[in-house]
Amino acid sequence: MSATFRHCRHRELEALLFSAISSASSISQLNQAHTLLYRLGLHQSSYLVAKLLRRLVDLRSLSNSYAFAVFSQVPAPNSFLWTALIRTSAAAAFGPPCRHPLVLYSLMRRALPPPPPLSFTFSALLKFCSTSRSIAMGSQLHAQTIFIGGFNEDLFVQNTLIDLYVQCGQLDLARKVFDEMLVRDIISWTSLIVAYTRHGDMGSAEELFGESPVKDMVAWTAMVTGYSQNARPNEALAAFERMRMAGVTIDEVSVVGAISACAQLGAVKRAEGVRQIAEEYGFGKNVVVGSALVDMYAKCGLIDEARRVFYAMDDRNVYTYSTMITGLASHGKALDAIKVFDEMTMRTEVKPNRVTFIGVLTACSHAGMVEAGRQYFTSMSEVYGITPDADHYACMVDLLGRAGNAEEALELARTMPVEPNGGVWGALLGACRIHGKPHIAKIAAEKLFELEPDAIGNYVLLSNVYASAGMWNEVSNVRKLMRGRGLRKNPASSWMEAKDGVVHEFFAGDGSHPMSREIKAALEELIDRLKCRGYTPILSSIVYDVSESEKRRLLNGHSEKLALAFGLLTVDTGGTIRIVKNIRICEDCHLVMCLASSSENREIVVRDNMRFHHFKDGVCSCGGFW
DNA sequence: CTAGGGTTAG
């Protein structure tokens, strides 16, 4: 009777302490729980100590000596406790007195009577190999699993094997494990689907997704994010829509892929729709969702809405701040970007990272703030301990070159302590496009043709520099080079979202749009009105050696002008015309937008591949820096 | 226990 009672009390106490450990949210609370265990004589319980170790891993406050000390107090650790210790050691950078997970495993095998090894212990070892990318150790363990009875049907073991090979970049081996599995669950399918999406192989991902017998929220989300991360925003949104149609519930993670797809499209109506869904479910409070929304609004041209979301957030981390800074930079609001950076560094605990500095440096560059840019560049290593990499040097080359100092930019590219990448030479070539330095452009382009032989834009840029300088022989040489390498231009296009959310895309000189005739007429009328106000076409924007009248004809066929005319015809009076372009806006179109913004009394926002241009009352927010 | 997340220069 009293034994039963004592037993009951013991069980109750154990349950109480178990929940105390589970709810510990800091290392000091965990310490208190441990002290309690000690006082009550329960520090020898494998069950409770194993929970303690697992909580230690969850809290990421890993102290291996502490873990080992706690473990050592248990006289007869069972296999659960051993496994927890292995996990602790696998999660940390192990050092004395902690041992390597495999060593612990052999100690465990020696300490315990020889039972068949537990699958979850083995999974913990495999997981360790997977996180530490130890393919050699992992495949040895894999070989062992083959001889252990039941492991070929054990989902934990098999799924961890898939993960191991995926993490080590061995997709074929992961697929082999998957194909040979006797039983598969949704996790096996999804692991492999995600592996394909991360390798950019959406075809295989689609195939697997189609074949998988069950599709849950995570699997659907994997497809949505897969499309989004592979720059296929329309398909991402379509998948998101199908997912909701199929009645699958969504969570914070599911909406992020859709939000990021809207950011890529720059389509405001779609964006508002997805935002509404996110808010309906109350996901807006989540840091990741919030950061994605900030990015989405910034990339859709609604920088003030991005700012509102940013300031309404409760938690902001380095992603949130970097996104806001980069967003402001792309809209040419350098001072605001710097203000956000200062808020972050002076009033919060959030530490800037390398991406944050890329944002700050581009902000300076896009506003011509050379001295401020130099100071931030110096401070990043001296104050924040971040060593500038090639991307940061690219920003500096851009900063100097854009401001008209191509010689110093070239000098920096030549003397920088890390190997210059395509970004560095590309920034230099871009500077030459603005300031016309054919001899420097040639140096930059030669490096680029080696580093990025297939990047068509570099050839076009060089040929443009030569064309502006009237060096038609060199222009034709560049064109020959392009042809010789079998490169063809990505068609330039501009697109615009209509009132109903449908996206209309325009190509240069293209007459396939249903309203094509009206658009052409409206454009001609507009150009005539602008000419009365002193507009002269900038013929040098056409880089072909053709007659002047042909140049005029080509200029008026530019896709952004077609989109502008479509906007003037369809956007309500007083509404902002928002155009997205896949390449940089040309000088003539830039001028036309400026003039049209005042003559038509319209705000026009153009997102090109680099940044935003806000045209209002005849001026552009870029201040001529683009 | 094992699957899905946001920022990057020309």
Asks: Does anything in residues 185-194 of chain A reach DNA chain B, meaning a heavy atom under 4.0 Å, and if so which residues?
Replies: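 Close to the strand are A:Ile186, A:Ile187, A:Thr190, A:Ser191, A:Val194.
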Asks: Under 4.0 Å from a heavy atom of chain A: give me the 5'-most and 3'-most nucleotides of DNA chain B that qualify.
Replies: B:dC1 to B:dG10
Asks: The criterion is side-chain contact (heavy atoms from CB on, under 4.5 Å); which residues satisfy it with A:Tyr311, sequence neighbours excluded?
Replies: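 side-chain contact (heavy atoms from CB on, under 4.5 Å) check on A:Tyr311 returns A:Arg307, A:Arg316, A:Val340, A:Glu343.
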Asks: Does the distance from a Lys or Arg side-chain N to an Asp or Glu carboxylate O, for A:Lys447 and A:Glu450, drop under 4.0 Å?
Replies: no
Asks: Who pairs with A:Trp425 by ring pair (Phe, Tyr, Trp, His ring centres under 6.0 Å), at least two apart in sequence or on another chain?
Replies: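 None.
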Asks: Indicate yes or no: does A:Glu206 engage A:Arg232 in a salt bridge with an N to O separation below 4.0 Å.
Replies: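 Yes, this pair counts.
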Asks: Give the table of side-chain donor-acceptor pairs shorter than 3.5 Å for residues 211-218 of chain A, with sequence neighbours excluded, one pair per line with atom names and distance.
Replies:
unit_1, atom_1, unit_2, atom_2, d
A:Ser212, OG, A:Phe209, O, 3.2
A:Ser212, OG, A:Val214, O, 3.4
A:Lys215, NZ, A:Phe209, O, 3.1
A:Lys215, NZ, A:Ser212, O, 2.8
A:Asp216, OD1, A:Val218, N, 3.3
A:Asp216, OD1, A:Ala219, N, 2.9

Asks: I need the full list of salt bridge (Lys or Arg N to Asp or Glu O under 4.0 Å) pairs touching residues 289-303 of chain A, with sequence neighbours left out, sorted by first then second residue.
Replies: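 Pairs touching residues 289-303 of chain A that pass the test: A:Asp295-A:Lys299.
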Asks: Measure the shortest side-chain to side-chain distance between A:Tyr165 and A:His142 over non-hydrogen atoms and say whether it is less than 4.5 angstrom.
Replies: yes
Asks: In residues 212-220 of chain A, what residues come within less than 4.0 Å of DNA chain B, judged by heavy atoms?
Replies: A:Asp216, A:Met217, A:Val218
Asks: What salt bridge (Lys or Arg N to Asp or Glu O under 4.0 Å) pairs are there with at least one residue in residues 279-288 of chain A, not counting sequence neighbours?
Replies: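 The answer is A:Arg275-A:Glu279, A:Lys285-A:Asp314.
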Asks: With sequence neighbours left out, write down each residue that passes salt bridge (charged side-chain N to carboxylate O under 4.0 Å, His left out) with A:Glu241, or none if nothing qualifies.
Replies: none
Asks: A:Phe240: what forms a ring pair (Phe, Tyr, Trp, His ring centres under 6.0 Å) with it, not counting sequence neighbours?
Replies: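 Ring pair (Phe, Tyr, Trp, His ring centres under 6.0 Å) check on A:Phe240 returns nothing, list empty.
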Asks: Are any non-hydrogen side-chain atoms of A:Arg198 and A:Val166 less than 4.5 angstrom apart?
Replies: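 The answer is no, as the side chains (C-beta and beyond) never meet within the 4.5 Å cut-off.
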Asks: What are the residues of residues 427-444 of chain A, sorted by number, that bring a heavy atom to within less than 4.0 Å of DNA chain B?
Replies: A:Ala427, A:Gly430
Asks: Could you pull out all residues at least two apart from A:Phe612 that satisfy ring pair (Phe, Tyr, Trp, His ring centres under 6.0 Å)?
Replies: A:His331
